[in-house]
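I have placed the structure first, in the form of structure tokens, so that the comments after it can refer back to it.
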Amino acid sequence: MENAARQRITIRKGKDIISEGQKPDEVYLIEEGWACRYKLLENGEHHIMAYLIPGDLCDLHTTILDQMDHSIRTITPLKAAVYSANEISNLMAKNVRLARALTWSTMVDEAILREWLVNAGSRAADKRLAHFFCEMLIRSRAAGLSQDNSFEFPITQAELGESMGLTEVHINRVLQRLRGEGLIATDNKRLVILDWVRLKAFAQFNPNYLHCQIEPCDA
């Protein structure tokens with residue numbers, strides 16, 4: 001993967017990597033920064049469906065589609081390795097272990113989407129947000145991006161609202177409650193989970209859908 005990249009690019013914050021309706025012919029591997037998948041609604045609002053962090057591929061299999069059915073936007077300035085669709089196919093054909101790893105990654109993405117559907121449909125706002133924080137800590141830890149129980153968290157309250165199906169005012173209220181109960185803290189675009197055991201129990205979080213053996217410390 002390191003040697004096969006066609007090029008490496010830097011993309012500014014708030015720019016679409018690829019937009020809905022475009023024909024995808026390249027695959028992007030995020031090396032630095034955050035991005036999100038989103039849909040633009042008819043009323044002009046955005047709905048975020050997933051967050052992408054360093055180590056994530058932006059839609060491995062979209063190159064077999066005629067056009068994108070969603071857009072991918074940078075949340076922060078972003079650095080990415082760019083691969084042609086043919087090169088990805090060649091890599092997978094020549095390396096069984098890599099093909100298995102990339103297929104596993106795609107299946108985990110689908111599992112996360114299923115859990116987000118449950119989150120939106122069945123969990124109260126405070127548990128919904130707490131569950132998301134648990135998920136992002138484990139994902140960040142798996143990618144080697146966490147320190148103790150803290151991780152980079154450049155998402156704004158407006159973006160949280162777009163992904164959780166809540167208003168920005170509601171998001172602010174829930175964040176204040178989670179801080180007030182000593183479950184989380186924020187520090188210069190980092191999220192700190194102060195009590196993993198309590199937050200996990202509060203959110204009724206079961207990490208099995210992430211298919212990852214990494215578990216944060218209990219502090």
Side-chain angles (χ1 to χ4, degrees), residues 1-20 22-38 46 48-65 68 70-113 132-133 135-156 159-160 163 187-192 210-214 216:
M1 294 291 289
E2 178 71 23
N3 296 328
R6 172 188 292 179
Q7 61 177 321
R8 282 176 165 76
I9 60 173
T10 300
I11 308 172
R12 69 180 183 271
K13 175 181 176 180
K15 180 177 175 58
D16 280 358
I17 299 173
I18 188 166
S19 300
E20 184 172 355
Q22 290 183 335
K23 165 64 178 173
D25 55 9
E26 294 176 321
V27 176
Y28 298 85
L29 173 64
I30 297 177
E31 297 183 323
E32 294 180 21
W34 283 46
C36 66
R37 308 182 207 272
Y38 76 94
H46 292 178
I48 294 175
M49 302 172 293
Y51 291 103
L52 303 168
I53 64 175
D56 285 338
L57 284 160
C58 297
D59 291 326
L60 176 63
H61 298 300
T62 55
T63 53
I64 66 175
L65 301 176
M68 288 287 288
H70 66 283
S71 302
I72 301 176
R73 181 184 74 218
T74 59
I75 290 176
T76 68
L78 186 141
K79 292 183 179 180
V82 184
Y83 301 86
S84 68
N86 287 338
E87 190 57 41
I88 289 291
S89 296
N90 290 338
L91 284 171
M92 294 180 70
K94 293 176 181 178
N95 191 314
V96 175
R97 290 181 64 191
L98 179 61
R100 180 180 175 85
L102 294 178
T103 301
W104 175 88
S105 177
T106 299
M107 293 177 71
V108 171
D109 285 346
E110 293 173 355
I112 291 173
L113 180 57
F132 172 64
F133 292 156
E135 175 186 300
M136 292 311 303
L137 175 59
I138 290 184
R139 287 182 59 193
S140 296
R141 202 173 182 93
L145 302 171
S146 68
Q147 287 182 320
D148 298 324
N149 278 0
S150 74
F151 56 98
E152 181 185 6
F153 195 74
I155 302 172
T156 67
E159 288 164 340
L160 274 176
S163 55
D187 179 21
N188 193 27
K189 296 194 184 241
R190 289 189 71 83
L191 184 78
V192 184
L210 296 172
H211 301 279
C212 177
Q213 301 304 314
I214 293 175

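Quick note: residue numbers are just sequence positions, from 1. The analysis underlying the following values was restricted to heavy atoms, covering all of them including side chains, and did not include hydrogens, waters or symmetry mates.
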statement: For Leu78 and Gly33 the tightest heavy-atom approach is CD1-C, 4.3 Å

task: Look up atom CG in Leu137 and atom CZ in Phe151, then write down how far apart they are to the nearest 0.5 Å.
output: 5.5 Å

Results of salt bridge (Lys or Arg N to Asp or Glu O under 4.0 Å) for Glu20 - residues two or more places apart only: Lys39

- request: For Asp109, enumerate each residue passing the salt bridge (Lys or Arg N to Asp or Glu O under 4.0 Å) test, keeping only those at least two apart in sequence or located in another chain.
  value: Arg37

field: Steps toward side-chain contact (heavy atoms from CB on, under 4.5 Å) verdict (Met136, Ile155)
entry: CA-CA 11 Å; Met136 292 311 303; Ile155 302 172; 5.8 Å; no

Approximate separation, where rounding is to 0.5 Å, of Ile17 CD1 and Leu52 CG: 7.5 Å

query: Which value, rounded to the nearest 0.5 Å, describes the distance between Trp104 atom CH2 and Cys212 atom SG?
result: 6.5 Å

task: Using the side-chain contact (heavy atoms from CB on, under 4.5 Å) rule, pick out the option among Ile18, Val82, Ile30 that qualifies with Cys58.
output: Ile30

statement: In this structure, CD of Glu135 is separated from OH of Tyr51 (nearest 0.5 Å) by 11.0 Å

query: Would you find a donor on one side and an acceptor on the other, under 3.5 Å apart, between the side chain of Thr76 and the backbone of Trp34?
result: yes

- prompt: Which residues pass the side-chain hydrogen bond (donor to acceptor under 3.5 Å, both in side chains) test with Tyr28, sequence neighbours left out?
  reply: Glu26

field: Straight-line distance of Met49 CE to Ser71 OG, nearest 0.5 Å
entry: 8.0 Å

field: Partners meeting ring-ring contact (aromatic ring centres under 6.0 Å, His included) with His70 (sequence neighbours left out)
entry: none

message: I'd like to check the side-chain hydrogen bond (donor to acceptor under 3.5 Å, both in side chains) partners of Ser105; sequence neighbours left out, ordered by chain and number.
response: none

message: Once side chain to side chain contact (heavy atoms under 4.5 Å, CB included) is applied, do any residues pair with Thr103, and if so which ones, sequence neighbours excluded?
response: Met92, Met107

Atom pair CG/CG of Leu102 and Leu91 - distance to nearest 0.5 Å: 8.0 Å

query: Hey, does Ile53 have a side-chain heavy atom less than 4.5 Å from the side chain of Glu152?
result: no

Within 6.0 angstrom of Gln22 CD, more than 12 heavy atoms from elsewhere: yes

field: side chain to side chain contact (heavy atoms under 4.5 Å, CB included) partners of Lys79, counting only residues at least two apart
entry: Thr10, Glu32

task: List for me each residue that meets side-chain hydrogen bond (donor to acceptor under 3.5 Å, both in side chains) alongside Arg190, sequence neighbours excluded, and say none if there are none.
output: Ser150

message: Is it the case that the side chain of Glu87 and the backbone of Ser84 share a donor-acceptor pair, with hydrogens and angles ignored and the cut-off at 3.5 Å?
response: no

field: Partners meeting side chain to side chain contact (heavy atoms under 4.5 Å, CB included) with Arg8 (sequence neighbours left out)
entry: Glu2, Ala5, Glu31, Ala81

- prompt: If you look at every heavy atom in Ala143 and Pro54, which pair is closest and at what distance?
  reply: CB-O, 3.8 Å

task: Can you sort out the partners of Phe133 under ring-ring contact (aromatic ring centres under 6.0 Å, His included), two or more places apart, ordered by chain and number?
output: Phe153

task: List for me each residue that meets side-chain hydrogen bond (donor to acceptor under 3.5 Å, both in side chains) alongside Asn90, sequence neighbours excluded, and say none if there are none.
output: none

message: So, using side chain to side chain contact (heavy atoms under 4.5 Å, CB included) as the criterion, who are the partners of Lys15 when residues are at least two apart?
response: Ile11, Arg12, Thr74

